[in-house]
Amino acid sequence: MNLLRTLIFLSLLNVIGFAQGKKLLFYPIFNDQMIPPGGGTTYWISKTDTVTIETLRFYISNVELLSKNKVIWKETNSYHLLDITKPMSFLVKLKTPPGITFTQLKFTLGIDSVTNVSGALGGDLDPTKGMYWTWQSGYVNFKLEGKSNLCKTRNNAFQFHLGGYQSPFKACREVILDVIDKEGAEIYFDIARLFWGLDLNKQNEIMSPCKEAVELSDKLVKGFRSTE
Amino acid sequence: MKKLLLIIPVSVLLLLAFTLQEKYSFTIPQGWPEPNTDFKKEPLSLEKVELGRALFYDPVLSRDSTISCASCHLVYTAFTHVDHDLSHGINDKIGTRNSPALMNLAWHKLFMWDGAVNHIDVQALAPISNPVEMDEKIEHVVEKLQRSKLYPRLFKKAFNDSLITGQHTLKAIAQFMLTLVSSESKYDSVMRKHSKFTAQEKKGYDLFKKNCSSCHTEPLFTNLQFESNGLPQDPTLKDPGRIKVTKNPVDSLKFKVPTLRNIEFSYPYMHDGRFKRLQDVLNHYTSGIKQSQTISKQLVNPIILSSNDKVDLVAFLLTLTDRKFLFNKNYAYPRNIFAKAAQD
């Protein structure tokens, strides 16, 4: 069933891939497994413990294409909300001019500080998207919710809402990847990184900017890679 | 023929009126600093302000349509909630802070007693989502507005788009709040040399400049900073103040300095509404101050005021009342908009 869903997900993304411009295709993975659209799938994090992913949503912003360490194209108004319940959101279409080739891709996981203090914004940044803190201004960069037998919480639930734009709790992170440009690039994002060395029993809820959110963001950002 | 000649320009004008937005001119009162809001980047428009006003007064923003922004921010009391020390929200639930008076917000950079909100646009999200205030979700508010008879039309006029978004909803509310300017008190008229203080008010003003204006700085009567004015922490509320946002110990027990404009009407006072009368406030400054690590340096040594001084100081504070502001019909319940909607 999982495999089938994964296949549908991938073919969906490839079918609509004929339009102009470079495409970035993000694959959310857990260790070596694809996380299929919809969520609700369970993964082992040790011989005895599991994690079920229910919500996975994050921002990719400030996309830049580089060649020979120089920026050759920069997306304007570059904010993309990727949401596991909306498979199409994992395909980011760029309005690049024809004839360019890039060797490196740069982007930010999350939303930069300037954007965070710019008032009410639209599109993927609209506060109705469920990625804006209401009682204390600021975007959630990365949201992961689910369950684990390790969490002695109600319904064994965990919630990680990582964000924060002010030092020392600034949590957005830049990523640079070497890529091979095949009219775009494929990027893998391994969510399992978040759980490395994490004691889910003790730490299972982050809902505001804090030191822990910064540390987890640092770990998580290493989960991006351009090869399988 | 004559009629036709008239009809053409009139209909052209009407057409223009529908397509062009009427600019709302925001005037900076004489002698005031530049506002924090950049009106060049984002000019106010009459349509947006009117829409924002409707939203401000509409309980549709709350889960069960019982509470509007105006429930806690009443125009006649400088947009605060009198008679309640802590705010009263949905199902009479009681909040943890006193609702501040709303005015001259275009000069503010951070909002809330602890500065948790970083832009006036996003301010409304806090009360809308707060379970003890309006207990609603902006996603759902937008759906309700879209389904209503009134709002798609008002949004179309204001934003040239009848598709309602969170962004546009918030911007409209913010635009209305930016128009709330109080600058016509007796104090202002004295500063503009249009009238004179009485001898008592003048004495009070001098005492004010000596003891209070470092924090309650003219002309806004707030320096917009976070300070600790030595209030002992309420043991039931345990409100930590600004440190809640910054997590920095130097911000412990600091709160945003409130304006003193219209202070006559914006009781009860302080973040938790602990004082009912100005006299109580002055007694705090002379004999109630609790020293702490973070207390502002101006208050390390006690403020000395005789009982006559206190009377004079209060007389001065009353010159900050701005009746034109309190009774400005542009800020009041937009009866015309809602009445028209009810007829349709």
Side-chain angles (χ1 to χ4, degrees), chain A residues 55 57 59 77 79-81 83 85-86 110-141 143 145 159 161-172 205-217, chain B residues 36-38 41-42 48 52 95-97 109-146 159 161 163-175 178 242 244-248:
Chain A
T55 305
R57 244 190 255 168
Y59 280 111
N77 206 3
Y79 307 100
H80 306 276
L81 179 58
D83 181 341
T85 64
K86 301 195 173 76
I111 301 297
D112 62 60
S113 301
V114 174
T115 308
N116 263 291
V117 296
S118 300
L121 300 166
D124 274 358
L125 295 173
D126 194 289
T128 52
K129 303 286 177 188
M131 291 293 273
Y132 199 87
W133 275 308
T134 54
W135 43 272
Q136 177 176 347
S137 307
Y139 282 95
V140 177
N141 293 332
K143 190 182 263 196
E145 296 173 348
Q159 288 174 300
H161 297 183
L162 308 184
Y165 65 92
Q166 268 176 317
S167 83
F169 305 128
K170 190 175 162 187
C172 74
E205 189 178 89
I206 294 184
M207 306 286 274
S208 64
C210 60
K211 189 166 128 273
E212 291 75 19
V214 171
E215 287 164 5
L216 286 183
S217 302
Chain B
N36 178 60
T37 305
D38 185 353
K41 227 170 87 188
E42 231 175 301
K48 290 184 186 127
T96 55
R97 286 180 181 159
K109 205 167 166 184
L110 296 171
F111 301 86
M112 300 305 206
W113 285 105
D114 55 10
V117 169
N118 69 20
H119 195 291
I120 192 158
D121 281 358
V122 290
Q123 163 67 41
L125 285 171
I128 290 173
S129 332
N130 191 327
V132 302
E133 293 185 348
M134 301 170 114
D135 195 25
E136 197 26 305
K137 281 196 157 103
I138 183 74
E139 296 87 300
H140 194 219
V141 168
V142 166
E143 277 169 32
K144 286 194 285 185
L145 296 176
Q146 191 78 66
F159 294 98
D161 192 351
L163 184 74
I164 298 173
T165 64
Q167 179 188 31
H168 288 169
T169 306
L170 294 171
K171 285 218 177 277
I173 299 174
Q175 289 226 335
L178 289 169
R242 175 97 179 121
K244 201 169 157 206
V245 177
T246 63
K247 303 199 167 69
N248 188 344

Of the non-hydrogen atoms in G163(A) and A171(A), which two are nearest, and what is the gap between them?
O-CB, 3.5 Å
The reported gap from CG in L121(A) to CD1 in I111(A) (rounded to nearest 0.5 angstrom) is 9.0 Å
I want to check something: taking the side chain as every heavy atom from C-beta on, are S217(A) and N141(A) in contact at a cut-off of under 4.5 Å?
no
Taking L170(B), I120(B), V122(B) one by one, which has the highest count of heavy-atom pairs under 4.5 Å against chain A?
V122(B)
Can you pull out all donor-acceptor pairs below 3.5 Å that join chain A and chain B?
residue : atom : partner : partner atom : Å
N116(A) : O    : N118(B) : ND2          : 2.9
A120(A) : N    : D121(B) : OD2          : 2.9
A120(A) : O    : Q167(B) : NE2          : 3.2
G122(A) : N    : Q167(B) : OE1          : 3.4
D126(A) : OD1  : G166(B) : N            : 3.3
D126(A) : OD2  : G166(B) : N            : 3.2
D126(A) : OD2  : Q167(B) : N            : 2.9
S137(A) : N    : A116(B) : O            : 2.9
S137(A) : OG   : N118(B) : N            : 2.8
Y165(A) : OH   : N118(B) : ND2          : 2.9
P209(A) : O    : K247(B) : NZ           : 2.9

Contact origin within V245(B) toward chain A - heavy atom pairs under 4.5 Å:
both
Less than 4.5 Å to any heavy atom of chain B: does that hold for the side chain of P209(A), its backbone, both, or neither?
backbone
Mind checking the CD-CD spacing from E145(A) to Q159(A)? Nearest 0.5 Å is all I need.
4.5 Å
